[in-house]
Amino acid sequence: MENTKSPELMEKIVSLCKRRGFIFQSSEIYGGINGFWDYGPYGTALKRAVEKCWWNEMVEKRDNVDGLDSTVICHPKIWKASGHLDKFGDLMTDCRDCKARHRVDQMEDQSKCPACGSNNLTAPREFNLMMKTYVGPVSDEEHTAYLRAETCQPIFVDFNLVRVAARRKLPFGIAQIGKAFRNEINPRNFIFRSREFSQMEMEFFCYEEDSMNWYEYWKNERIRYYRDVLGFKEDELKIHGHEALAHYAKAALDIEFKFPFGWGELEGVHHRGTWDMSRHQEFSGENLEYFDQEKNRRIMPTVVETSVGVDRTVLALLCHAYDEDTAATKKEGMEEDVRIVLRFPAKLAPVQVAVLPLSNKLSEPANKISAALKKYFRAEFDVTGSIGKRYRRQDEIGTPYCVTYDFQTAEDQAVTVRDRDTMAQDRVAIDKLKQYFQDKLDM
RNA sequence: GCGAGCGUAGCUCAGCGGUAGAGCGUCACGUUGCCAACGUGAAUGUCGUGGGUUCAAUUCCCAUCGCUCGCUCCA
């Protein structure tokens with residue numbers, strides 16, 4: 001298993017993703033567009049399962065976190081207040097001689113190239129990473145707006161609306177899943193860094209005096225999620241504490257995953273202090289303070305954030321799940337053949353149960369079982385090709401269970417359930433199937 | 001953004017100055033009846049895009065777009 005985690009692994013995964021309909025390059029027939037990716041049928045199912053799982057874990061199972069679904073385009077002042085418009089883009093200068101590009105604020109001598117010493121530099125230019133658009137039919141400065149660069153800012157902005165509507169007292173959280181956009185200079189590594197991506201963020205509002213405890217709490221909760229819910233292994237995860245903190249943060253850490261191209265951040269847990277709330281109060285002129293009835297005081301809520309990249313999680317799941325082993329084959333002159341299998345957690349697999357009639361003569365009754373299972377699980381029916389080929393197809397997309405309807409089924413009202421990982425088979429009565437899978441899939 | 005490499009069927013790739021092939025995959029039929037079985041047949045490419053050189057370009061040249069790696073960046 002370990003030897004499959006090679007540098008070629010990314011190529012194998014990219015190719016599998018296209019071939020089997022997980023992820024395509026966006027706008028492919030036009031030559032593609034750098035930094036944008038489409039999810040195909042199985043990819044969509046996987047991504048939705050990831051989001052559903054997080055939402056269940058972070059919102060539905062708790063009684064102190066509420067949901068929000070805000071707009072992608074917000075009032076431009078939000079991004080002024082958040083600092084994105086000023087600080088998101090750094091001033092950069094290019095050396096005309098050695099072609100190096102440098103951040104002006106990191107140069108000791110701003111008139112000299114740190115790489116080659118030349119003073120033949122371009123004037124400092126701002127590289128703003130926010131995507132710009134215009135609201136209304138007139139395209140001018142006054143109508144400029146931005147696609148959100150992170151989903152958390154609208155959460156801060158809507159804090160009071162949510163708090164009042166949901167009748168919340170501190171501490172409580174607001175969670176949101178949605179798209180965010182950044183004009184990355186250099187999109188790289190498949191869907192790891194793209195220009196349009198999805199985030200799952202939760203902002204937890206609390207008292208300053210409790211905030212470090214909440215920070216620890218959420219850190220542990222989130223690490224537990226990667227280990228126990230997504231099933232990532234100890235050696236695939238790394239917790240990376242920040243030494244240099246961003247302008248808004250008091251404490252921060254990254255939860256990183258070992259991708260084939262190196263360690264990469266899946267999630268950030270940040271103690272944001274009162275920075276965002278204070279800034280929005282200042283820029284909007286609205287009082288965003290919270291009145292603490294018990295202690296009869298007004299305070300600005302302190303925020304602890306958990307911020308996940310959905311696409312990165314999907315990629316990590318693909319990398320974690322990808323495996324090649326050997327299985328018996330009937331191919332001429334061969335005893336064994338390579339079997340590609342995605343070992344997704346059953347809960348997240350794009351297809352959870354595949355229903356396969358042993359012969360196409362058995363299609364009709366088998367399809368009825370498939371239809372019945374589809375009410376409760378992500379189920380799929382396939383009759384094309386030999387049974388072995390169909391098992392392999394399901395292995396390749398990570399289907400944990402295959403139900404085989406055979407010539408005995410009509411007599412004993414039972415089917416065979418084949419396990420993806422062990423390839424072992426179990427005889428299960430048709431009327432027990434629903435319960436059987438509910439137990440297996442933890443649903 | 002800079003440098004290097006790459007771009008031919010759904011995937012992996014071969015090929016060549018005279019307008020294209022293999023393996024796998026897909027689909028159909030037959031056969032088989034629990035792990036990519038076998039046989040027969042079929043579909044699929046403006047050889048990434050645009051321009052140039054040439055009697056002729058998928059092939060040579062330029063540009064562009066995309067992908068990979070290194071540097072850079074990553075609030």
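Just the heavy atoms: all of them, side chains too, but no hydrogens, waters or symmetry mates, feed the values below. Numbers restart at 1 for each chain; the letters A, B, ... are given by sequence-line order, proteins then strands.
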Exercise. Let me know the distance between CD1 of A/Ile29 and P of B/C65, rounded to the nearest Å.
Key: 19 Å
Quiz prompt | Between B/U46 and B/G10 - P atom distance, rounded Å | solution = 7 Å
Exercise. Report yes if the distance between the aromatic ring centroids of A/Phe261 and A/Phe192 is under 6.0 Å, otherwise no.
Key: yes
Self-check item: Backbone N/O of A/Thr71 and side chain of A/Arg148: donor-acceptor pair under 3.5 Å
Solution: yes
Quiz item: What is the nucleic acid contact for A/Phe192, judged by heavy atoms within less than 4.0 Å: base, sugar-phosphate only, or nothing?
Solution: nothing
Quiz prompt | Distance under 6.0 Å and angle within 45° of ring axis: A/Arg20 vs A/Tyr42 | solution = no
Practice problem: To the nearest Å, give me how far apart CZ (A/Phe24) and P (B/C11) are. | Solution: 10 Å
Quiz prompt | Distance, rounded to the nearest Å, where A/Gln394 contributes CD and B/G25 contributes P | solution = 16 Å
Exercise. Name the pairing partner of B/G25, where a pair is Watson-Crick or G-U wobble with both distances under 3.5 Å, or state none.
Key: none
Quiz prompt | B/C67 OP1/OP2 closer than 4.0 Å to side-chain N/O of A/Asn34 | solution = yes
Quiz item: Expressed in whole Å, how much space separates the P atoms belonging to B/U49 and B/G7?
Solution: 14 Å
Quiz item: Does the ring-ring contact (aromatic ring centres under 6.0 Å, His included) test come out yes or no for A/Phe172 and A/Phe159, once each step is laid out?
Solution: CA-CA 10 Å; A/Phe172 76 99; A/Phe159 165 75; 5.8 Å; yes
Practice problem: Hunt down the Watson-Crick or G-U wobble partner of B/C38, both distances under 3.5 Å, from any strand shown, or write none. | Solution: B/G30
Practice problem: Assign A/Gly35 to base, sugar-phosphate, or nothing according to its heavy-atom contacts below 4.0 angstrom with the strands shown. | Solution: sugar-phosphate
Quiz prompt | B/A14: pairing nucleotide in any strand, Watson-Crick or G-U under 3.5 angstrom | solution = none
Quiz prompt | Separation of atom CG in A/Leu129 from atom C1' in B/U72, rounded to whole Å | solution = 13 Å
Quiz item: Now, which nucleotide makes the Watson-Crick or G-U wobble pair with B/G66, with each of the two distances under 3.5 Å?
Solution: B/C6
Exercise. Check the surroundings of atom CD in A/Gln438: do more than 12 heavy atoms from other residues, nucleotides or ligands lie under 6.0 Å from it?
Key: yes
Quiz item: In whole angstrom, what separates A/Arg195's CZ from B/C73's C1'?
Solution: 12 Å
Quiz item: With no angle test and no hydrogens, is the base of B/G70 tied to the side chain of A/Arg188 by a donor-acceptor pair under 3.5 Å?
Solution: yes
Exercise. Could you say whether A/Asn186 or A/Ser15 is positioned toward the 5' end of RNA chain B, judged by the nucleotide with the nearest heavy atom to each?
Key: A/Asn186
Quiz prompt | Watson-Crick or G-U counterpart of B/C47, or none if no pair lies under 3.5 Å | solution = none
Practice problem: Could you let me know what B/U58 is paired to, Watson-Crick or G-U wobble, both distances under 3.5 Å, or none if it's on its own? | Solution: none
Quiz item: Whole Å only: how far is the CD atom of A/Glu184 from the P atom of B/G1?
Solution: 13 Å
Quiz prompt | Close side-chain approach of A/Arg339 and A/Met423, heavy atoms under 4.5 Å | solution = yes
Quiz item: Below 4.0 angstrom from OP1 or OP2 of B/C69, is there any side-chain N or O of A/Asn189?
Solution: yes
Exercise. Indicate the atoms forming the closest heavy-atom contact of A/Arg195 with A/Glu184, along with that distance.
Key: NH2-O, 2.8 Å
Quiz prompt | Nearest-nucleotide 5' precedence on RNA chain B, A/Glu28 against A/Phe407 | solution = A/Glu28
Practice problem: For A/Asn360 and B/C27, give me the distance from atom CG to atom C1', rounded to whole Å. | Solution: 14 Å
Quiz item: Should the pair A/Trp214 and A/Phe204 be assigned to parallel (<30°), tilted (30 to 60°) or perpendicular (>60°) ring geometry?
Solution: tilted
Quiz prompt | Minimal non-hydrogen separation, A/Arg390 against A/Asp382, with atom names | solution = NH1-O, 3.0 Å
Exercise. Return the nucleotide paired to B/U53: Watson-Crick means purine N1 to pyrimidine N3 with N6-O4 or O6-N4, wobble means G-U with N1-O2 and O6-N3, both under 3.5 Å.
Key: none
Quiz item: Mind checking who B/C71 pairs with, Watson-Crick or G-U wobble, both distances under 3.5 Å?
Solution: B/G1
Self-check item: Rounded distance (Å) that lies between atom P of B/U12 and atom NZ of A/Lys12
Solution: 13 Å
Identify the pairs formed between an N or O of the protein and an N or O of nucleotides 34-39 of chain B at a distance under 3.5 Å, and give each distance.
residue	atom	partner	partner atom	Å
B/C34	O2	A/Tyr391	OH	2.5
B/C34	O2	A/Gln425	NE2	2.3
B/C34	N4	A/Asp406	OD2	2.7
B/C34	N4	A/Thr416	OG1	3.1
B/C35	OP1	A/Lys330	NZ	3.0
B/C35	O2'	A/Ala328	O	3.2
B/C35	O2'	A/Arg392	NH1	3.4
B/C35	O2'	A/Arg392	NH2	3.0
B/C35	O2	A/Arg392	NH1	2.8
B/C35	O2	A/Arg418	NH2	2.9
B/C35	N3	A/Arg418	NE	2.9
B/C35	N3	A/Arg418	NH2	3.4
B/C35	N4	A/Met423	O	2.5
B/C35	N4	A/Gln425	NE2	3.4
B/A36	OP2	A/Ala328	O	3.4
B/A36	OP2	A/Thr329	OG1	3.0
B/A36	O2'	A/Lys331	NZ	3.0
B/A36	N7	A/Val338	O	3.4
B/A37	OP2	A/Ser386	OG	2.4
B/A37	O2'	A/Lys330	O	3.1

